[in-house]
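Read through the structure below, which is laid out as structure tokens, and then see the notes.
Computed from heavy atoms alone, side chains included, the values below leave out hydrogens, waters and symmetry copies.
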Amino acid sequence: MELSLLRSRTFAPLRPVYSPCHFRRPPSRAFFPPQPPPPSQEDRGCSRAMRTRQEWVGDWVQSNDTLVRALPIIVGGSSLLCVLLNRAISGIAAVSDASSSQSRADILTIALSVTDILAGLVWLSIRPKSISPVVPRGVDCKRVDPDVSTSALHELLWTWDSLMAATCCKSLVVVYGRNCILQIGVAASSPEDGKAVNVDAQKFIQGSLYTSANESKKQSYLANLALYPGRTELPFLPANTQALILQPIGDKGIAVIGGDTIRGFTNLDQAWIAMIADKLDATLSKS
């Protein structure tokens, strides 16, 4: 009987069961924002013409600096003269009347004219000081410590050539291991014999400039050397040295770089000099 019941019962066909991990989403297409169309020939021509016009205006202003600074005086004086002529021609009384709109307008015009004249006078009195390189007063010098190895000497001379060609550097002094291993460029002349003043390394090391730079381990940039009292610690540099960089070389030395222009060393120059100092330290420490 059980067998007959099993035969009479029908079973539904089994369906395969898939887990969610069996289904994979098709890769989605990456979204790329629409690219702007390239500028046309007409747009390029317009931008080029606008740039040329701006350069022309800048050149004209630079070549007519005095006239541009006097423009407020010209405008203010012309406005003041027009107000006086208007008063004389129109027949209005010279005494200002607060109830008259014309009098109030004239007062405002006179105030603006006087303001323009004063602004022009300020523009003419305040002029930016032109900064130009100076010729260092001294003698050419090239002194090298005889104990310096050949590889270190080549590295030092390459440093000097690079600094002189790429920056405003005119004097270079390298003190390493409590000794002056290089003095090159323009040096101060001795009043006795007219020769270059020797670098007293021991005295320089005891000074405040060397001490502060060695303790901070950071580059010290004196953009206008004439304003710093520590100038007296550098008797071996020309008297009219304009700018100075004190660059530590590792823990044992320092490079004194003198320039011929106030604020002549740019930020890029300073970063480049710091990298050269690291290279020098690696070379000198092996010699």
Side-chain angles (χ1 to χ4, degrees), residues 127-143 156-191 196-281 284:
R127 291 177 177 270
K129 184 179 179 181
S130 60
I131 299 176
S132 57
V134 300
V135 179
R137 295 194 299 267
V139 294
D140 292 333
C141 174
K142 184 178 180 181
R143 292 171 178 166
L156 291 170
L157 294 180
W158 172 85
T159 301
W160 162 246
D161 293 336
S162 302
L163 291 175
M164 186 176 59
T167 66
C168 65
C169 174
K170 296 300 178 183
S171 306
L172 175 63
V173 174
V174 178
V175 177
Y176 194 84
R178 306 186 69 85
N179 293 319
C180 178
I181 62 175
L182 178 66
Q183 182 184 9
I184 194 169
V186 183
S189 59
S190 175
V197 176
N198 291 324
V199 178
D200 189 350
Q202 302 301 325
K203 185 177 180 180
F204 173 66
I205 290 173
Q206 296 173 1
S208 60
L209 292 178
Y210 180 90
T211 304
S212 60
N214 191 33
E215 290 178 354
S216 63
K217 304 300 180 184
K218 294 181 180 179
Q219 183 185 97
S220 178
Y221 178 35
L222 309 181
N224 192 353
L225 185 59
L227 302 179
Y228 292 89
R231 171 70 180 83
T232 56
E233 300 179 14
L234 307 168
F236 46 85
L237 290 181
N240 60 340
T241 301
Q242 302 296 300
L244 183 75
I245 287 182
L246 298 172
Q247 176 61 54
I249 304 177
D251 298 331
K252 299 181 180 180
I254 191 172
V256 182
I257 304 171
D260 62 350
T261 308
I262 297 176
R263 294 188 293 274
F265 294 101
T266 63
N267 294 333
L268 184 61
D269 294 339
Q270 299 173 46
W272 182 55
I273 290 172
M275 295 177 63
I276 290 180
D278 295 338
K279 192 171 184 294
L280 278 178
D281 182 41
L284 294 175

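Side-chain N or O atoms of Glu233 include none that pairs as donor or acceptor with a backbone N or O of Phe204 at under 3.5 Å. For Ser171 (side chain) and Val186 (main-chain N/O), a donor-acceptor pair under 3.5 Å exists by modelled atom type. Panel note: side chain Gln247, backbone Met275; no donor-acceptor pair is recorded below 3.5 Å. Between the Gln242 side chain and the Asn240 main chain, a donor and an acceptor come within less than 3.5 Å of each other. Counting only distance, with no hydrogens or angles, the side chain of Tyr221 and the backbone of Phe265 share a donor-acceptor pair below 3.5 Å.
Using a 4.5 Å heavy-atom threshold, the side chains of Leu284 and Ile181 count as touching.
To the nearest 0.5 Å, atoms CZ (Phe236) and SG (Cys180) are separated by 7.5 Å. Interatomic distance, Arg231 CZ to Leu244 CG, rounded to the nearest 0.5 Å: 8.5 Å. Ile131 contributes atom CD1, which lies 8.5 Å from atom OG1 of Thr261 (distance to the nearest 0.5 angstrom). Separating the CD atom in Gln270 from the OG1 atom in Thr167 is a distance of 11.0 Å, to the nearest 0.5 Å. Put simply, CD1 on Ile257 and CG on Leu163 are 5.0 Å apart, with the number rounded to the nearest 0.5 Å. A distance of 4.5 Å separates CG in Leu246 from CD1 in Ile254, rounded to the nearest 0.5 Å.
We find that Asp251 and Lys217 are joined by a salt bridge, their nearest charged nitrogen and carboxylate oxygen being less than 4.0 Å apart.
The cationic atom of Lys142 (NZ for Lys, CZ for Arg) does not lie both less than 6.0 Å from the six-membered ring centre of Trp160 and within 45° of the ring axis.
When each of Val199, Val174, Val173 is paired with Leu182, the side chain to side chain contact (heavy atoms under 4.5 Å, CB included) condition holds for Val174 and for no other.
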